[in-house]
Amino acid sequence: MVTLQNHVGKICISPNYFTELIGNTVAKCFGVISMNVTGVKETLRAAMPSAKQTDRRRGVRVRFIKEKLLVDLHISLMYGVNMNAVIRSIINKVGYTIEQSTGINVEKVNVYVDNIRV
């Protein structure tokens, strides 16, 4: 839970808000086919019969350290796209979206390309 203090009072932002916001932003980027599962917890959640195939939290890890946000993304890209351009676009869009929505500075966005699909 991220807590911000301003002149009006306290604002608490849940980690689910960040993961949904980031997942929706990345899913709309050109060249991204899907978000990939990372770790045992996500793998088990994805294997459940009730799991949604379009779960936006999949492949997103958010950490809040010293008033700054660190984001890790695991994605699959479309074959034939310019990987550097797509990754730069994702980094810029995620940083801009978070800063505009919450006012929190994004320290770093790490993008891991796990697959390239046709």
Exercise for the section: Check whether any side-chain heavy atom of F64 lies under 4.5 Å from a side-chain heavy atom of P15, and answer yes or no. Expected result: no
Completion exercise
With sequence neighbours left out, the residues meeting side chain to side chain donor-acceptor pair (under 3.5 Å) with N92 are none
Handout entry: Within one Ile-Leu-Val-Met-Phe-Trp-Tyr cluster: L69 and I11, side-chain cutoff 4.5 Å
Key = yes
Problem - Exceeds 12 heavy-atom contacts within 6.0 angstrom, atom CE of M83 - result: no
Completion exercise
Separation between CE (M78) and CZ (R117), nearest 0.5 Å, reads 11.5 Å
Problem - Check: T102 side chain, E99 main-chain N or O, donor-acceptor pair, under 3.5 Å - result: no
Exercise for the section: Give, for atom OG of S89 and atom CG of N82, the distance between the pair rounded to the nearest 0.5 Å. Expected result: 11.0 Å
Problem - same_hphob_cluster(I104, V26) at 4.5 Å side-chain heavy-atom cutoff - result: yes
Practice task
Output, in order, the C-alpha distance, side-chain angles, deciding distance and verdict of side-chain contact (heavy atoms from CB on, under 4.5 Å) for V111 and I75.
Solution key: CA-CA 7 Å; V111 180; I75 62 171; 3.7 Å; yes
Exercise for the section: Might you point out which heavy atoms bring T3 and C12 nearest each other, and give the distance in Å? Expected result: OG1-SG, 3.8 Å
Handout entry: Least distance between heavy atoms, M35 atom then R58 atom
Key = CB-O, 3.0 Å
Handout entry: Among V32, I116, V86, I33, side-chain contact (heavy atoms from CB on, under 4.5 Å) partner for V81
Key = V86
Practice task
Examine I65 and I13 and state if one hydrophobic cluster contains both, with Ile, Leu, Val, Met, Phe, Trp and Tyr joined whenever side-chain heavy atoms are less than 4.5 Å apart.
Solution key: no
Completion exercise
Taken to the nearest 0.5 Å, the spacing of T19 OG1 from L73 CG works out to 11.0 Å
Problem - From OG1 (T97) to NZ (K28), nearest 0.5 Å - result: 9.0 Å
Handout entry: Gap separating the CZ atom of R63 from the NZ atom of K108, nearest 0.5 angstrom
Key = 9.5 Å
Fill in the blank from the handout: The side-chain contact (heavy atoms from CB on, under 4.5 Å) partner of I98 among T25, N105, I22, V62 is I22
Problem - Transitive ILVMFWY side-chain link I87 to Y96, under 4.5 Å - result: no
Completion exercise
When rounded to the nearest 0.5 Å, the distance separating CZ of F18 from CZ of R61 is 15.0 Å
Exercise for the section: Indicate if F30 and I91 have the same hydrophobic cluster label, given that clusters are the connected sets of ILVMFWY residues with side-chain heavy-atom separations under 4.5 angstrom. Expected result: yes
Practice task
Grab the two heavy atoms, one from C29 and one from K93, that are nearest each other, plus how far apart they are.
Solution key: SG-CD, 3.6 Å
